[in-house]
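First comes the structure, then the notes that go with it.
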2 protein chains.
Amino acid sequence: MSETRSDADCAASWCTDDPWCGLTCAVDVLGHKWHPVVVHRLLARGPLGFGDLADDIGAVTNKVLSETLADLEAAGVVDRTVVDDRPVRVEYSLTDDGEALAPAIEALQDWGERYLDD
Amino acid sequence: MSETRSDADCAASWCTDDPWCGLTCAVDVLGHKWHPVVVHRLLARGPLGFGDLADDIGAVTNKVLSETLADLEAAGVVDRTVVDDRPVRVEYSLTDDGEALAPAIEALQDWGERYLDD
DNA sequence: CAGTATCCACAAGGATACTG
DNA sequence: CAGTATCCTTGTGGATACTG
């Protein structure tokens with residue numbers, strides 16, 4: 001279905017032989033300011049429109065959210081579907097690869113919460 | 001023991017009320033090119049000297065590895081111990097907070113490996 | 001509604017050389 | 001051995017305004 005991904009999307013291009021290549025690859029996808037937040041919201045709330053995501057997150061601009069979604073779509077983590085015209089309505093959802101991020105997102109979140117509790 | 005950490009080290013400073021704050025905080029710590037790799041190596045191999053880490057990782061420069069280790073130390077994830085003088089010998093190890101990253105590192109690594117297998 | 005188009009400031013990381 | 005010091009290029013994200 002979503003065959004829009006290639007090796008070049010990923011850190012694999014510069015660490016192919018290293019034992020931590022998968023890790024680097026995952027951090028390449030999630031290691032930006034809003035990327036993990038978008039995945040988190042889609043995991044928690046299901047498919048959302050562009051404006052819904054923007055409202056939910058709050059402190060992100062149109063431009064950056066748009067870039068973030070384009071990155072995640074290119075990585076094969078998010079699907080973009082035009083649901084309606086006039087007015088244009090778009091829906092963003094997680095692909096199977098995106099859903100598969102749930103354990104990693106949760107593990108990071110758990111660690112961060114404990115860390116913040118000192 | 002390692003009380004070198006404060007709230008300002010973390011994303012908490014800009015997302016305190018958000019449900020994804022812990023996640024953002026964790027990504028602030030790990031979301032750089034070499035930070036997760038250093039944690040990965042210390043988890044896999046135990047305490048290492050500066051040169052050991054540099055050799056193991058390979059494609060990182062002195063300057064960047066040094067900065068990375070300083071960041072992780074400031075975040076309270078890594079401990080730095082001077083083991084010897086003449087010649088100077090230093091050992092880097094994980095703190096409890098650092099060891100606690102293991103599940104998150106593994107989850108990211110697992111995801112990345114599956115992702116790379118298409 | 002769902003984006004683009006510009007412009008801009010700062011941070012991250014690499015190359016190279018040097019030091020206590 | 002374990003770093004620092006410079007310099008430089010690119011990436012990342014924010015502010016603001018505009019559009020099909």
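Letters A, B, ... mirror the listed sequences (proteins, then strands); counts begin at 1.
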Task: Close side-chain approach of L43(B) to V39(B), heavy-atom, < 4.5 Å - done: yes
Open item on the list: Under the rule for ring pair (Phe, Tyr, Trp, His ring centres under 6.0 Å), what residues qualify as partners of W20(B), not counting sequence neighbours?
Closed with: none
- [ ] With sequence neighbours left out, write down each residue that passes side-chain hydrogen bond (donor to acceptor under 3.5 Å, both in side chains) with D96(A), or none if nothing qualifies.
- [x] none
Would you give me the side-chain donor-acceptor pairs under 3.5 Å for residues 98-107 of chain B, sequence neighbours excluded?
none

Open item on the list: Angle between the two end axes of the helix from dC1(C)-dG20(D) to dG20(C)-dC1(D), five base pairs per end, rounded to 10 degrees?
Closed with: 60°
Open item on the list: Does dC1(C) have OP1 or OP2 under 4.0 Å away from a side-chain N or O of R86(A)?
Closed with: no
Collect all protein-nucleotide pairs involving nucleotides 12-19 of chain D in which both atoms are nitrogen or oxygen and the distance is under 3.5 Å.
residue : atom : partner : partner atom : Å
dG13(D) : OP1  : K33(A)  : N            : 2.5
dG14(D) : OP1  : K33(A)  : NZ           : 2.7
dG14(D) : OP2  : W34(A)  : NE1          : 3.0
dG14(D) : N7   : K63(A)  : NZ           : 3.3
dG14(D) : O6   : K63(A)  : NZ           : 2.2

TODO: Give a yes/no on whether any side-chain N or O of R80(A) is located under 4.0 angstrom from OP1 or OP2 of dG3(C).
DONE: yes
TODO: Answer yes when R41(B) and D55(B) have at least one side-chain N-carboxylate O distance shorter than 4.0 Å, and no when they do not.
DONE: no
TODO: Please examine the side chains of L53(B) and L69(B), heavy atoms only from C-beta on, and report whether any two atoms are closer than 4.5 Å.
DONE: yes
- [ ] Specify the closest pair of heavy atoms between T95(B) and G76(B), including all atoms of both residues, with the distance to one decimal.
- [x] OG1-O, 2.6 Å
Open item on the list: Please report the distance, rounded to the nearest Å, between CD in E91(A) and C1' in dC1(C).
Closed with: 14 Å
- [ ] Round to a whole Å and report the spacing from CG of D55(A) to P of dG3(C).
- [x] 14 Å
Task: Close side-chain approach of V90(A) to V83(A), heavy-atom, < 4.5 Å - done: no
- [ ] Answer yes or no: is there a side-chain heavy-atom contact under 4.5 Å between F50(B) and L65(B)?
- [x] yes
TODO: Identify, residue by residue, the members of residues 43-53 of chain B with a heavy atom below 4.0 Å from DNA chain D, and return them in order of residue number, or none.
DONE: F50(B), G51(B)
Open item on the list: When you compare the side chain of Y92(A) with that of T81(A), does any pair of heavy atoms fall below 4.5 Å?
Closed with: no
Task: Atom-to-atom span, OH of Y92(B) to P of dA2(D) - whole angstrom - done: 8 Å
- [ ] Check whether any side-chain N or O of H35(B) sits under 3.5 Å from a backbone N or O of L72(B) as a donor-acceptor pair, and report yes or no.
- [x] no
- [ ] Using a cut-off of strictly less than 4.0 Å, decide whether S66(B) has a side-chain nitrogen or oxygen near OP1 or OP2 of dA2(D).
- [x] no
Open item on the list: In this structure, how many angstroms lie between the P atom of dG3(C) and the CG atom of D85(A), rounded?
Closed with: 13 Å
